[in-house]
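Right, one structure below, let's go through it.
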2 protein chains.
Amino acid sequence: MARHLSIGDLARATGVKATTIRWYEAEGLLPSPARTEGGHRAYGQAHLDRLGFVRHARELGFPMPAIRELLGLADQPDRDCGAAHGVATAQIAAIDEKLERLRALRAELARVAEACRGGRAAECRILEVLADHRHGRCTDPLHAAPGAGPA
Amino acid sequence: MARHLSIGDLARATGVKATTIRWYEAEGLLPSPARTEGGHRAYGQAHLDRLGFVRHARELGFPMPAIRELLGLADQPDRDCGAAHGVATAQIAAIDEKLERLRALRAELARVAEACRGGRAAECRILEVLADHRHGRCTDPLHAAPGAGPA
DNA sequence: GATGGGACCTCCAGCGGCTAGAGGTTCAAG
DNA sequence: CTTGAACCTCTAGCCGCTGGAGGTCCCATC
């Protein structure tokens, strides 16, 4: 009898936890597998491949709707793959945005932290800067350039 | 005149939504204000300042427990501000970690996207690469684990 | 003083992407 | 046949809000 793969086997093979695998199934990223007589999930190679796909896409930060779209494309080999390219490009743009924001954040935070010379909290520049909201008024930390706003 | 500030006044002044202000109060980041006879929140300047502090700290990505700590420090001017420096430094470290992850992600994703030359999905390298999880090359530590795959 | 409509109130649910636990059942090794 | 590890379902929780339902209050205008 060809041995099926248990959920634990998939978990070990892919590094995705069993609970997460079940959750992917509930969310429709993985098809529901067959069951043993006792009700345990019984997977095959196709499931393993698909889970690998999903995991890799998640590692690359694709949100679940994007993964659903990619899966749909992978399932319909005749469709134009331009859509896949679009999904990937959008994901890159999203990452670039996050990167830029984090860099700006990092810069301001470093500036703030460096201003602290120790001593009593009453004189702490970190707390001062945080408390001073002339400094703020920006929803986006991007524009908070060191020389520009708060003199 | 201007006996008190309404929640809407605070919202307009700080750019923090009223619902979020109420939520900060529930979470203990803002003290509960006095109420009008009808039950509306009645704020003073101190609340406005405090909300500015919280908002700015959030913009810098401090998680709520860190903000609680910073607020505690700001309230006790005699304490050593080394703690504030520690909080800021930890936040910088967290950002650096995220930045590094995102950069690696971005690089791989760009590589993946570039591989696509258009055409049918069956030949799309994006989908191929996502499906093939043995392609290695990823500096992300999350990715590095499964050396002993399904043989 | 009445009225209208916007601002406010409370409570609850939901987002993404899982994760953990309770409490019960099944499988496979010895 | 007996363990006990792995599995099952279901529920709730994490962060940091956000939105909606359904009701009440405030205040400018007539």
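First the proteins, then the strands, lettered A, B, ... as listed; each starts at 1. Here the structure is a predicted model, which means the values were calculated and not measured.
- Dashed line: the shortest gap from a side-chain N or O of Ser6(A) to OP1 or OP2 of dC27(C) is not under 4.0 Å.
- Nearest-nucleotide assignment on DNA chain C puts the 5′-proximal partner with Thr19(A), out of Thr19(A) and Glu37(A).
- Look at CD1 on Ile21(B): it is 15 Å from C1' on dG16(D), rounded to the nearest Å.
- Per the geometry, CG belonging to Leu30(A) stands 12 Å off P belonging to dC18(C), to the nearest Å.
- Checked by atom type, the side-chain pair Glu25(A)/His47(A) shows no donor-acceptor distance below 3.5 Å.
- Protein atom CD1 of Ile67(A) is 13 Å distant from nucleotide atom P of dG16(C), rounded to whole Å.
- A salt bridge does not link Arg103(B) with Glu100(B): none of the charged nitrogens is closer than 4.0 Å to a carboxylate oxygen.
- One can place CG of Leu60(A) at 14 Å from P of dG17(C), the figure rounded to the nearest angstrom.
- Residue-environment remark: CD (Glu97(B)) stays at or below the threshold of 12 foreign heavy atoms within 6.0 Å.
- Atoms CG (Leu51(A)) and P (dG17(C)) sit 16 Å apart, rounded to a whole Å.
- Within the nucleic acid shown, Arg22(A) comes within 4.0 Å of at least one base atom, counting heavy atoms only.
- Among the protein residues, Arg58(A) comes within range of the sugar-phosphate backbone only, with heavy atoms under 4.0 Å from sugar or phosphate atoms but none that close to a base.
- Looking at the side chain of His40(A), the nearest of the listed nucleotides dC18(C), dG16(D), dT26(C) is dT26(C).
- A side-chain contact (heavy atoms from CB on, under 4.5 Å) with Phe53(A) is found for one member of Leu30(A), Leu71(A), Leu48(A) and no other, namely Leu71(A).
- A donor-acceptor contact shorter than 3.5 Å links the side chain of Arg55(B) to the backbone of Thr14(B).
- Going from atom CH2 of Trp23(B) over to atom C1' of dG16(D) covers 4 Å, rounded to whole Å.
- Where Ile7(B) and Pro63(A) each meet DNA chain C at their nearest nucleotide, the meeting point lying more 5' is that of Ile7(B).
- Residue contacts shown for Tyr24(B) are limited to sugar-phosphate atoms, with no base heavy atom under 4.0 Å away.
- Comparing atom distances between the Arg41(A) side chain and each of dT19(C), dT9(D), dT18(D) picks out dT9(D) as nearest.
- Rounded to an integer number of Å, the gap from CZ of Arg12(A) to P of dC7(D) is 6 Å.
- Here Arg35(A) reaches the OP1 or OP2 of dT9(D): one of its side-chain N or O atoms lies under 4.0 Å away.
- Distance, Gln91(B) CD to dC15(D) P: 15 Å, rounded to whole Å.
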